[in-house]
Student: 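What follows is a structure written as structure tokens; I'll ask about it next.
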Amino acid sequence: MTEINPSIKESRLSECQKRFQYQFRNTELLIKALTHRSFAHESASKFTKDNERLEFLGDSVLGIVISEYLIKNFPELSEGALTKLRASLVNGPMLAKKAAKLQLGKFLQLGKGERSTGGSKRSSILGSGLEAIIGAIYLDGGLNKAAIFILFLLKSEVKVLVQKKGERNWKGLLQQYTQKELKSQPHYTVIAESGLEHKKNFTIAVNINGRQLAKAKGKTKKEAEQKAAKLTLRKHCRRYLHQAGL
């Protein structure tokens, strides 16, 4: 049986689970997830195990859940864009930030030396601890429960990162919509150019099934096309955008 630090008795375990919004059926998994190797090494019991194996599992579960979420919710993004977005969500600093928000540090079982030197606030320990929690939830409740917890942590960050990085491909989104709903595809036409040769502005129109639906200006053709596609979606495909959470 995993040893329990006196500071993490039943009341603390209960508070911890409330913060995670998940109730463990097997609290031994939770205790193990909270046990850093420094505490296990100092423990008098040879049966005390640290959270590193759960961290390994949690890392894999986190990757598959976020990958599936991005694939389903951002069909217009390229493989490269999806890879970058996933990396921004599952890296150490992001996990440490989320762990700190949950106040995970005060629940972790740390060795005396580790705790006295600020281990409960160290980013590497917090991020690893959160991955261990994910692994524990996966073993306790399955992939669906783990996915709920992961998205509870990171879903709000996805839109922020997409908007910040400007990854949204409006042309791709419009093409996906027209192919699925209209069995057609949009066509982009330059209808005007202005400005000096090295500093031109382009006006581009979007046509679908021979009908012009929107037009927009941009400093490059690509920028104007993206703006025109976005305007088309905003004007004519509001329900679709709402379903996509945009």
Side-chain angles (χ1 to χ4, degrees), residues 21 62-91 93-95 97-98 101 143-144 146-246:
Q21 296 187 19
L62 176 62
I64 191 64
V65 168
I66 289 298
S67 295
E68 181 180 6
Y69 180 79
L70 295 178
I71 284 287
K72 287 183 176 179
N73 290 276
F74 299 92
E76 77 285 0
L77 294 186
S78 67
E79 184 268 344
L82 289 169
T83 299
K84 291 179 182 178
L85 186 53
R86 181 180 61 192
S88 297
L89 291 164
V90 303
N91 61 35
M94 176 65 78
L95 295 178
K97 182 178 84 170
K98 293 301 178 180
K101 188 174 182 179
L143 183 59
N144 184 55
I148 291 172
F149 176 68
I150 290 167
L151 295 178
F152 154 68
L153 291 174
L154 296 173
K155 189 175 180 180
S156 62
E157 299 288 347
V158 176
K159 288 184 179 180
V160 172
L161 288 169
V162 169
Q163 292 170 358
K164 183 177 179 181
K165 294 190 175 187
E167 298 281 13
R168 180 65 68 184
N169 182 352
W170 296 102
K171 283 183 64 178
L173 193 60
L174 179 60
Q175 182 166 326
Q176 182 194 23
Y177 171 80
T178 55
Q179 287 177 340
K180 180 180 179 181
E181 303 293 336
L182 306 176
K183 310 303 180 188
S184 182
Q185 60 182 353
H187 295 278
Y188 299 87
T189 307
V190 178
I191 59 175
E193 294 183 27
S194 60
L196 301 174
E197 188 65 30
H198 66 283
K199 198 176 181 180
K200 281 193 173 184
N201 286 297
F202 299 89
T203 302
I204 288 182
V206 180
N207 296 277
I208 300 175
N209 291 331
R211 179 186 172 197
Q212 180 177 304
L213 296 180
K215 60 183 179 180
K217 293 182 179 180
K219 294 179 181 179
T220 64
K221 291 180 182 179
K222 182 177 180 180
E223 180 185 335
E225 288 173 352
Q226 287 287 351
K227 287 182 177 180
K230 180 179 180 179
L231 187 58
T232 300
L233 287 162
R234 295 292 190 200
K235 289 175 63 177
H236 302 284
C237 315
R238 290 182 181 177
R239 181 177 296 179
Y240 177 70
L241 291 180
H242 178 72
Q243 291 172 345
L246 303 174

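Along the sequence shown, residues carry numbers from 1.
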Student: Between atom CD1 of Ile66 and atom CG of Leu82, what is the distance when rounded to the nearest 0.5 Å?
Tutor: 12.0 Å
Student: For Leu231, what residues pass the side-chain contact (heavy atoms from CB on, under 4.5 Å) criterion, not counting sequence neighbours?
Tutor: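 Partners of Leu231 under the side-chain contact (heavy atoms from CB on, under 4.5 Å) test: Ala214, Lys235.
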Student: For a quick test of reading the model, state the closest non-hydrogen atom pair linking Val190 to Lys221 and the distance between them.
Tutor: CG2-CE, 4.1 Å
Student: Could Glu68 and Lys72 be called an ion pair, given the rule that one side-chain N must be under 4.0 Å from one carboxylate O?
Tutor: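 Here Glu68 pairs with Lys72 in a salt bridge, since their nearest N and O are under 4.0 Å apart.
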Student: For the OG1 atom of Thr189 and the CD atom of Glu225, what is their distance to the nearest 0.5 Å?
Tutor: 9.5 Å
Student: Output the distance between atom OH (Tyr177) and atom CD1 (Ile208), rounded to the nearest 0.5 Å.
Tutor: 8.5 Å
Student: Taking all non-hydrogen atoms of both residues, which atom of Ala216 and which atom of Ala228 are closest, and how far apart?
Tutor: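 The pair with the smallest heavy-atom distance is CB-N, 3.5 Å.
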Student: Is any side-chain heavy atom of Leu154 less than 4.5 Å from a side-chain heavy atom of Leu62?
Tutor: yes
Student: Under the rule for salt bridge (charged side-chain N to carboxylate O under 4.0 Å, His left out), what residues qualify as partners of Glu157, not counting sequence neighbours?
Tutor: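 Checked Glu157 against salt bridge (charged side-chain N to carboxylate O under 4.0 Å, His left out); matches are Lys97, Lys98.
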Student: Would you say that more than 12 heavy atoms from the other residues, nucleotides or ligands in this model lie under 6.0 Å from the NZ of Lys200, or not?
Tutor: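 Yes, the 6.0 Å shell around NZ holds more than 12 heavy atoms from other groups.
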Student: I'd like to check Lys155 versus Tyr69 (side-chain heavy atoms, cut-off strictly below 4.5 Å). Are they in contact?
Tutor: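 Yes. Closest side-chain heavy atoms under 4.5 Å.
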Student: Sub-3.5 Å donor-acceptor pair from the side chain of Gln185 to the main-chain atoms of Gln175, do we have one?
Tutor: no
Student: So which of Lys227, Arg234, Gln226 actually passes side chain to side chain contact (heavy atoms under 4.5 Å, CB included) with Lys230?
Tutor: Arg234
Student: To the closest 0.5 Å, what do you measure between CG (Leu89) and CG (Leu153)?
Tutor: 11.0 Å
Student: Quick one: side-chain contact (heavy atoms from CB on, under 4.5 Å) partners of Ala205, sequence neighbours excluded?
Tutor: Ile191, Asn207, Gln212, Lys215
Student: Roughly how far apart are Leu174 CG and Leu182 CG, rounded to 0.5 Å?
Tutor: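 Result: 9.0 Å between the selected atoms.
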Student: Distance from Leu70 atom CG to Lys84 atom NZ, nearest 0.5 Å?
Tutor: 14.5 Å
Student: Taking all non-hydrogen atoms of both residues into account, name the closest pair between Ser67 and Gly63 and its distance.
Tutor: OG-O, 2.7 Å
Student: Ignoring hydrogens, what is the shortest heavy-atom contact between Phe202 and Ala224? Give both atom names and the distance.
Tutor: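 Phe202 and Ala224 have their closest heavy atoms at O-CB, 3.8 Å.
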